[in-house]
Novice: 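This is the structure I want to talk about, given as structure tokens.
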Amino acid sequence: MREMDKAFDFKTAQTRWYARWEAAGVFTADRESAKTPFSMSLPPPNITGNLHMGHALAYTLPDVVARLKRAQSFDVCWVPGVDHAGIATQVIVERQLKEEGTDRHKLGREKFLERIWAWKAQNQDDIENQLRRLGASVDWTRKRFTMDPDLNRAVRKVFVEAYRQGRIYRGPRMIQWDPASQTALSDLEVKHVERHGHLWHLNYPLADGSGHITVATTRPETMLGDTAVAVHPEDERYTHLVGKLVKLPLTDREIPIVADAFVDRDFGTGCVKLTPAHDPNDHAAGLRLGLPSLTVIGFDAKMTREAGAAYAGLDRFECRKKVVADLEAAGLLAKTQSHTSMVACSDRTGAVLEPLVSEQWFMKVDEAAKAALEAVRDGRIKFTPEHHVAVWEHWLTNIQDWCISRQLVWGHRIPAWTCASCGALHVELEAPPACPGCSSDDLVQDPDTLDTWFSSALWPFSILGWPDETADLKRYYPNDVMCTSYDIIFFWVARMAMSGLTWMKEIPFRQVYFNSLVRDEGGQKMSKSKGNVIDPLEVMDEFGTDALRFTLISMSAPGTDIALSRTRLEGSRNFCNKLWNAARFVQMNLTDDVTLALDPEFGEAEHWMKGRIAETLKAVTEALEHFRFHEAADLLYHLVWDDFCATYIELAKVNLTSGTPAQKAAILHFLDFILRALHPLVPFVTEEIHEAVVADRLKPGEPRMLAQRAWPLGDPLLSRPGGDATLIPRFQEVLSAFLRLKAENGVDPAKRVPAVCSVRELAPFAEAFKAIARLESLEFPSGDLASPTRAVAVVAGGTAALDLAGLKDPAAEKAKLEKEKEKLEKELAGLRGRLDNPRYLEKAPAEEVEKAQALAAEKAARLEQVRALLG
RNA sequence: GGGCGUAUAACUCAGCGGUAGAGUGCUACCUUCACACGGUAGAAGUCCCAGGUUCGAAUCCUGGUACGCCCACCA
């Protein structure tokens, strides 16, 4: 048996074990198994980067669940994978090309794609290895990439079916255009950012020369594309002008003044310029009123020829300056106000978006949204924490059609072909050899790709082999649990629900657990620009993976964000080390004949420890099954530190060093229970200890690796009858009293003094008292212990005292007793107040009253002792 | 403009109807034969404010206040 080091060396442990688990197939699901299946899908990380702290949390929590379920004898299928991350990936590779002095247009579509695939291969390996370092117990034999050929087949299948059903359509519509990445975006990819700008008041002269009308705008450059000015139909200030024409400044056009109820009379001047080509509101109004649309800004965010010779080719923001200057020069700038507004920006590139009309593909989602709403309302899908339901309801009831086409190269290519000769559009699973209409073979595939989330939406079933009816699909769909971050509830969770219900006719998962967001020590969101990012890879190097996991788990109270701090990480590392050293101490004292096959011998301490483990295991199981990870971590922390290390091992030291094999077997069993209970949370340190201490002492037939051992809840040993559960807490109180008396009287803790105690039931613990509190002797006499040389403390059921002779500090003792008396009197007064209230006695549950009475009796007894000692 | 969340010890957070808790930090002491990534003892809280429900409220309700987040086309 290997000797254990003085401190837990996590670096070697965490590289050794994952490879062994994986090689032994511990994480491989078995579709032939007779066990009950339990399935999850890993939210696929983007191939664009390293694991960040959000991933660490989002993958640790389901790993706890997976390891628990595996131990509870479920056939766990947790499928991992990575996401191609359309825009993000393309932006990164394009940036690399730029550094090399080239770009994707020079390279050409095919070469560019090759380049991205090569980059992807490297990154995928990296991120997969980072997942392994984290300990994520996923089934690598089933790993997927969102652009794998069979996932592409699923995407094409959905696209073609949806098109045939009329759920997918193509058409010119106003979309949000990102000039930086040169693609359309969906509404979800738009972030509204507060920007300080101006509100310019512009005078538009009336064509008949009878004055002017003043409009207010934040985007003066768009005035070059105005096709009307709108006022509210009931705005008396302007009704007389409706129908008149104004002369649009800086152009030679005349445009009408129209009335529409969408105008807010109280904003600006109450007159709004209408630019149907460049504003979603104006676009809608233009359609309502039959106004022409004039595109003055192009896809490159530069002004078009339509903007006029003076402005064509200018960047939109340059043009803004020029338009303002020109209007001012013409005396038409009435006022410039500073103004703060929410500007639509790309979530990905940060660029200011341009609303533009263009030909795009859209998906109708109203029906699917209803189904998804229904599934949550009727409880088929449950959310933890539940408050996310409100957000879900709001978004899905106001959902708009989804713009799914992207003008990107990296992604699933849209399976649509246009005939170059007859112009017919064909949406097919495979490229048609010739146009079914005119037989021309000159078919051109749509160059666009699909929104990344289109393939993500199919993830829970596409990874199991859909559209084929595979055995995996039958067994593992729907998933039991989906653990993910709430910031992608719309992007991903809602869309998975909608597509699952549409294509599988069945929910994709029964339970969604939304994990928290990880923030920095001060509660700030981590971001590169703030420089407060804590890198999980570095944390794993410095504190160990187990410490990182334990910290995240212990801070994962549902519904609150996590402020990750160094001190918490240190605390978790210390905890792992504490466990390690307790195990090391046990191991040092075990002889080869001590095994888990021995029938252990229980004394009072063992009965108590057994009870503590049994209670804790029950509570931990309950907590984990309800996603109260922090509660499980807290319970186990105290079980290990307070109960096992501080109390039990101290009491068992005699047995441990000189006991019989049967007595030592009890200790071994307890350590074994603790390792099994902690393994889902801190797999590396527990496996390492298991190897060093337990693996050679297992019962015949038990798996040698902890990762394969069973969850210990319900083990017969934990319900062995016997023992007085109150004895150990009373022992602890008396022990603590002895130690305190030494401290209070300024006695060196190492000085051995004679002691007495009136609680005679504790006599069997005399040796433990003497060893731990370092007493010279300990008697359990009957009668009054008080004496001038004794320092006395009141404990439950009696008194405990040290014979200090000249060392006693009477003043300190008196002060202490006075303080205790005050406290007891106050507590007793509170209890009496309650118990003397007839309405309390009448209305409170009997159980409560009894508890209060017992407590009052105990306090009264103590108070009496204290008073007696004070004389 | 809507919606959600959070306010508890110096810090970070649990608890959420029946004697105020943890970790870290702080003070004093301890090189006790598993662990100084340790041990012992201790100090430390009008549980944001104001009302209400209740025998009883940090916990439930109402209204404030302060932060944080999400959604939304007011030019």
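Proteins come first, then strands; the chains are lettered A, B, ... in the order of their sequence lines, and each starts at number 1.
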Novice: Can you tell me the distance, in whole Å, between the CD atom of A:Q176 and the P atom of B:C73?
Specialist: 9 Å

Novice: Classify A:C645 by what it touches in the nucleic acid, base, sugar-phosphate, or nothing, heavy-atom distance under 4.0 Å.
Specialist: base

Novice: For A:I553 and B:C13, give me the distance from atom CD1 to atom P, rounded to whole Å.
Specialist: 18 Å

Novice: B:G68 and B:U62: how far apart are their P atoms, nearest whole angstrom?
Specialist: 24 Å

Novice: Identify which nucleotide among B:G3, B:A34, B:A41 has an atom closest to any side-chain atom of A:A390, counting heavy atoms from C-beta outward.
Specialist: B:G3

Novice: RNA chain B: A:R573 or A:T218, which has the more 5' nearest nucleotide?
Specialist: A:R573

Novice: Quick one: is the NZ or CZ of A:R495 closer than 6.0 Å to the six-membered ring centre of A:W402, and within 45° of its axis?
Specialist: yes

Novice: With sugar-phosphate meaning primed atoms plus P, OP1 and OP2, does A:V263 contact a base, only sugar-phosphate, or nothing at under 4.0 Å between heavy atoms?
Specialist: base

Novice: Return the pairing partner of B:A22 with a 3.5 Å limit on both distances, Watson-Crick or G-U wobble; otherwise return none.
Specialist: B:U12

Novice: Which one, B:A41, B:C35, B:C37, comes nearest to the side chain of A:N581?
Specialist: B:C35

Novice: Which pairs with one or both residues in residues 188-203 of chain A pass salt bridge (Lys or Arg N to Asp or Glu O under 4.0 Å), sequence neighbours excluded?
Specialist: A:E189-A:R406

Novice: Tell me what A:K823 touches on the nucleic acid: a base, only sugar-phosphate, or nothing, going by heavy atoms under 4.0 Å.
Specialist: nothing

Novice: On a whole-Å scale, what distance lies between the P atoms belonging to B:C71 and B:A58?
Specialist: 37 Å

Novice: Check every strand shown and say whether A:S554 touches a base, only sugar-phosphate, or nothing at a heavy-atom separation below 4.0 Å.
Specialist: nothing

Novice: Distance between the P atoms of B:U65 and B:C49, in whole angstroms?
Specialist: 16 Å

Novice: Find which nucleotide of RNA chain B each of A:L735 and A:R839 is nearest to by heavy atoms, and output the residue with the more 5' nucleotide.
Specialist: A:L735

Novice: What interatomic distance, in whole Å, is found between C1' of B:G64 and the corresponding atom of B:G23?
Specialist: 33 Å

Novice: NA contact type, A:A582, heavy-atom cut-off 4.0 Å: base, sugar-phosphate, or nothing?
Specialist: base

Novice: Hunt down the Watson-Crick or G-U wobble partner of B:G45, both distances under 3.5 Å, from any strand shown, or write none.
Specialist: none

Novice: What residues in residues 846-861 of chain A put a non-hydrogen atom under 4.0 Å from any atom of RNA chain B?
Specialist: A:E848, A:L855, A:K859

Novice: Examine the base of B:C35 for any acceptor or donor lying under 3.5 Å from a partner atom in the side chain of A:K578, and report the outcome as yes or no.
Specialist: yes

Novice: Between the base of B:C55 and the side chain of A:N837, is there any donor-acceptor pair under 3.5 Å?
Specialist: no

Novice: Is there a Watson-Crick or G-U wobble partner for B:U59 with both distances under 3.5 Å, and which nucleotide is it?
Specialist: none

Novice: If the plane angle is over 60° it's perpendicular, under 30° parallel, otherwise tilted; pick one for A:F731 and A:F769.
Specialist: tilted

Novice: From the options B:C13, B:A14, B:C55, select the nucleotide whose nearest atom is closest to the side chain of A:A557.
Specialist: B:A14

Novice: Do A:R584 and A:N581 have side-chain atoms, one donor and one acceptor, less than 3.5 Å apart?
Specialist: yes

Novice: Any donor-acceptor pair under 3.5 Å linking the side-chain atoms of A:H201 with those of A:Q337?
Specialist: yes

Novice: Within this structure, what is the CG-to-C1' distance between A:L202 and B:A75, rounded to whole angstrom?
Specialist: 11 Å

Novice: Determine the Euclidean distance between corresponding P atoms of B:G15 and B:U40; express it in Å to zero decimal places.
Specialist: 27 Å

Novice: Taking atom P in both B:G2 and B:G63, what distance in whole Å separates the two?
Specialist: 14 Å

Novice: Using a 4.0 Å heavy-atom cut-off, does A:M342 contact any base of the nucleic acid, only the sugar-phosphate backbone, or nothing at all?
Specialist: base

Novice: Distance check needed: B:A22 P versus A:L636 CG, whole Å only.
Specialist: 18 Å

Novice: Within this structure, what is the NE2-to-P distance between A:H388 and B:C70, rounded to whole angstrom?
Specialist: 13 Å

Novice: Can you tell me the Watson-Crick or wobble partner of B:U53, both distances under 3.5 angstrom?
Specialist: none

Novice: When the C1' atoms of B:C4 and B:A9 are compared, how many Å lie between them, rounded to an integer?
Specialist: 29 Å

Novice: Any idea which heavy atoms bring A:F684 and A:A13 closest together, and the distance?
Specialist: CD2-O, 3.9 Å

Novice: Tell me, do A:D643 and A:M609 make a side-chain contact under 4.5 Å, heavy atoms counted?
Specialist: yes

Novice: Let's see if you can work this out: which of B:U19, B:G3, B:U24 has an atom nearest to the side-chain heavy atoms of A:E827?
Specialist: B:U19

Novice: Which base, if any, makes a Watson-Crick or G-U wobble pair with B:C69, both distances under 3.5 Å?
Specialist: B:G3

Novice: In whole angstrom, what separates A:D282's CG from B:A75's P?
Specialist: 11 Å

Novice: Is there a Watson-Crick or G-U wobble partner for B:A28 with both distances under 3.5 Å, and which nucleotide is it?
Specialist: B:U40

Novice: Nearest of B:A34, B:A75, B:G18 to any side-chain atom of A:M588?
Specialist: B:A34

Novice: Less than 3.5 Å apart, any donor N or O on the side chain of A:H196 or A:T340 sitting next to an acceptor on the other?
Specialist: yes

Novice: Could you work out the separation of B:C61 and B:C73 based on their P atoms and round it to a whole Å?
Specialist: 32 Å

Novice: Does anything in residues 390-400 of chain A form a salt bridge (Lys or Arg N to Asp or Glu O under 4.0 Å)? List the pairs, not counting sequence neighbours.
Specialist: A:R377-A:E393

Novice: Provide, to the nearest angstrom, the distance between the CG atom belonging to A:L517 and the P atom belonging to B:U6.
Specialist: 15 Å

Novice: Between A:T214 and A:K335, do the side chains contain a donor N or O and an acceptor N or O under 3.5 Å apart?
Specialist: no

Novice: Is A:E822 atom CD crowded by more than 12 heavy atoms from other residues, nucleotides or ligands, each under 6.0 Å away?
Specialist: no

Novice: Which part of the nucleic acid does A:P355 contact within heavy-atom distance under 4.0 Å: base, sugar-phosphate only, or nothing?
Specialist: nothing

Novice: Figure out the NZ/P separation between A:K6 and B:C37, and round it to whole Å.
Specialist: 10 Å

